[in-house]
Amino acid sequence: MLDLKLIRTNPDQVRTGLAKRGAEGLVDELLRLDRERRENLTKVEALKNKRNVVSKEVGRLKAAKVDATNLINEMKEVNEEIKRLDEVVRTLEEEINRILYTLPNLPQEDVPVGSDDQTNVEIRRWGTPRTFGFEPKPHWELGEELEILDFERGAKISGARFTVLKGLGARLERALVNFMLDLHINKHGYTEIFPPFLVNRDCMVGTGQLPKFEEDMFKVTTGDYYLIPTAEVPVTNLHREEILEAASLPKKYVAYTACFRAEAGSAGRDTRGLIRQHQFNKVELVKLTTPEDSYREHESLVHDAEEVLQLLNLPYRVMLLSSGDMGFSASKCYDLEVWLPSFGVYREISSCSNFEAFQARRANLRFRREPDAKPEFVHTLNGSGLAVGRTLAAIIENYQQADGSVAIPEVLVPYMGGITVIK
RNA sequence: GGAGAGAUGGCUGAGUGGUUGAAGGCGCCCGCCUCGAAAGCGGGUAGGGGUUUACGCCCCUCGCGAGUUCGAAUCUCGCUCUCUCCGCCA
């Protein structure tokens with residue numbers, strides 16, 4: 001969430017930033033509520049001070065065996081007024097928070113302004129899409145023919161947007177997870193986390209999924225738990241309500257998890273294949289940094305994710321998302337898009353964002369520069385490294401051969417027990 | 001699921017209605033002492049909010065939320081979490 005103090009002291013900056021995202025209009029309302037809250041707060045605190053002072057006096061009088069009935073009666077009236085004003089303040093705070101929790105983050109200065117993906121900017125491109133001497137098939141056709149993807153049975157046992165991986169397909173999925181984890185752990189210096197897949201509501205609010213995007217989340221009916229839509233949620237919230245030492249930053253975590261998304265509003269989109277599933281696997285990178293380091297750490301996080309595609313020899317491009325295409329919590333976001341031959345387009349396979357203090361403020365996630373310094377909010381970042389299901393689809397399509405078999409990328413062969421082709 | 005015990009500051013640990021936001025100890029920071037260090041001595045060490053040019057002042061917080069009271073860490077009720085034993089379970 002945004003800093004209420006920034007809104008109070010610099011409303012124009014906030015108005016401008018929100019306008020870039022098409023989310024203006026509530027700043028004046030916030031300023032009014034904030035002013036009203038502080039006025040009432042000052043009043044009620046003065047009364048509470050009076051109550052504290054008089055109560056101590058009552059204690060002294062009673063100890064001295066002096067009658068204090070008048071003071072006690074007076075305080076009963078003061079208490080009524082305190083109760084009333086407390087309620088007023090509480091209501092105002094609720095309204096303020098209700099608005100704050102639904103306002104998106106402000107874009108960084110260098111984020112292109114635009115309303116959708118048409119204004120995204122291509123930053124760089126890696127690799128050349130292969131030319132096929134035959135008509136390349138989509139991954140779902142290849143997968144079914146090779147009996148490594150079973151969409152029918154996925155639909156039978158669960159429903160639409162669920163897929164069963166079988167045999168070497170399941171093996172390849174597992175190989176990808178292990179390959180990505182090993183790369184980020186051993187070469188890039190991330191610490192592996194294996195978190196719960198169900199989290200409480202506070203975590204979902206902390207990273208920004210709630211309260212605004214409830215309909216996109218799966219919620220269990222027993223207990224107050226949500227299925228994680230990404231490992232970003234449990235991993236970013238690992239240190240919520242904590243004050244970290246500056247020396248322990250940046251914290252770099254990598255986590256493999258399943259991800260669960262309701263995909264409300266996506267009806268009819270990407271209905272075939274592995275691209276848009278209710279459940280998919282992802283290896284996620286998360287960083288907690290000081291504010292001054294977060295921009296550099298963002299760039300290096302993108303490179304860490306890119307290296308997965310490079311080692312798999314999959315052509316991709318890096319897009320800088322425009323203000324209107326970024327996620328709710330992000331201040332700046334790069335997407336990695338992998339080449340999918342059957343679509344003839346680049347498709348998102350990773351999203352790498354810097355959230356600055358937006359999530360940290362929600363999750364009360366702070367650090368201290370020096371032992372006796374004031375706590376400050378950290379900056380949080382994350383990115384897919386990568387979405388495993390989409391990577392699997394990209395490999396099947398890019399590595400297909402004329403006879404319908406699929407070659408295994410060289411770096412994965414050790415993870416496949418020496419197998420070099422699925423046929 | 002049943003029975004019991006517990007939750008206090010960075011840690012440990014007192015505190016059963018009245019200057020207790022909290023004794024003592026440990027840790028940490030500053031100073032004295034020392035050639036230097038240790039020991040010793042003195043002082044300082046929570047977070048949030050409001051107000052103020054500032055110094056400062058005020059409010060809230062002893063797991064969380066209600067309640068009793070002029071006054072609650074302390075009494076009452078509800079909840080959460082942790083631990084022990086039993087049951088069940090992968």
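Chain letters run A, B, ... following the sequence lines, proteins first and then strands; every chain starts at 1.
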Could you pull out all residues at least two apart from A/K251 that satisfy salt bridge (charged side-chain N to carboxylate O under 4.0 Å, His left out)?
none
Pairs where residues 408-423 of chain A contributes a residue and the test side-chain hydrogen bond (donor to acceptor under 3.5 Å, both in side chains) is met, not counting sequence neighbours
A/D182-A/Y415
Which side-chain hydrogen bond (donor to acceptor under 3.5 Å, both in side chains) pairs, counting each pair once, include a residue from residues 227-240 of chain A, with sequence neighbours left out?
A/T230-A/K282, A/E232-A/Q359, A/E232-A/N382, A/N237-A/R240, A/H239-A/E242, A/H239-A/Y253
At under 4.0 Å between heavy atoms, what does [X] touch on the DNA or RNA strands: base, sugar-phosphate, or nothing?
X: A/R8; answer: sugar-phosphate
X: A/N52; answer: sugar-phosphate
X: A/K374; answer: sugar-phosphate
X: A/V54; answer: nothing
X: A/L41; answer: sugar-phosphate

Taking the [atom1] atom of each, how far is [N] from [M], in whole Å?
N: B/U76; M: B/G17; atom1: C1'; result: 13 Å
N: B/C62; M: B/U74; atom1: P; result: 8 Å
N: B/A38; M: B/C28; atom1: P; result: 10 Å
N: B/G65; M: B/U8; atom1: P; result: 16 Å
N: B/G21; M: B/G47; atom1: C1'; result: 11 Å
N: B/C26; M: B/G43; atom1: P; result: 15 Å
N: B/U61; M: B/G44; atom1: P; result: 25 Å
N: B/A73; M: B/A22; atom1: C1'; result: 8 Å

Residues, nucleotides or ligands: over 12 heavy atoms within 6.0 Å of A/E215 CD
yes
Could you measure the distance from the CD atom of A/Q277 to the CD atom of A/E263? Nearest 0.5 Å is fine.
9.5 Å
In whole Å, what is the span from the [atom1] atom of [X] to the [atom2] atom of [N]?
X: A/N73; N: B/C70; atom1: CG; atom2: P; answer: 9 Å
X: A/I243; N: B/U45; atom1: CD1; atom2: C1'; answer: 14 Å
X: A/R51; N: B/A72; atom1: CZ; atom2: P; answer: 7 Å
X: A/K50; N: B/C70; atom1: NZ; atom2: P; answer: 16 Å
X: A/K56; N: B/G18; atom1: NZ; atom2: P; answer: 13 Å
X: A/R60; N: B/C70; atom1: CZ; atom2: C1'; answer: 13 Å
X: A/M75; N: B/C70; atom1: CE; atom2: P; answer: 11 Å
X: A/D34; N: B/U51; atom1: CG; atom2: P; answer: 8 Å

Is [X] salt-bridged to [Y], cutoff N-O under 4.0 Å?
X: A/E214; Y: A/R201; answer: yes
X: A/D86; Y: A/K83; answer: no
X: A/D150; Y: A/K156; answer: no
X: A/E87; Y: A/R84; answer: no
X: A/R98; Y: A/E94; answer: no

For RNA chain B, determine which residues of residues 78-96 of chain A have any heavy atom closer than 4.0 angstrom to one of its atoms, and list them numerically.
A/N79
Of the nucleotides [options], which has the atom closest to the [X] side chain?
X: A/N49; options: B/G50, B/A46, B/C58; answer: B/C58
X: A/K5; options: B/G50, B/U19, B/G48; answer: B/G50
X: A/K48; options: B/G18, B/C60, B/G50; answer: B/C60

Between A/S55 and A/P375, name the one whose nearest nucleotide on RNA chain B is closer to the 5' end.
A/S55
Note: for A/E45 and A/K76 on RNA chain B, the residue whose nearest nucleotide lies more 5' is A/E45
Phosphate contact (B/G47 OP1 or OP2) by A/R366 side-chain N/O below 4.0 Å:
no
Reckon A/R368 has a side-chain N or O less than 4.0 Å from the OP1 or OP2 of B/G47?
yes
What pairs with A/T221 under side-chain contact (heavy atoms from CB on, under 4.5 Å), at least two apart in sequence or on another chain?
none
Determine, step by step, whether A/R32 and A/D28 satisfy the salt bridge (Lys or Arg N to Asp or Glu O under 4.0 Å) criterion, reporting the C-alpha distance in whole Å, the side-chain angles of both residues, the deciding distance to 0.1 Å, and the verdict.
CA-CA 6 Å; A/R32 183 182 65 76; A/D28 290 326; over 6 Å; no
So the stems of RNA chain B, runs of at least three Watson-Crick or G-U pairs (under 3.5 Å), are B:1-7 with B:80-86, B:10-12 with B:24-26, B:27-32 with B:40-45, B:46-51 with B:56-61, B:63-67 with B:75-79
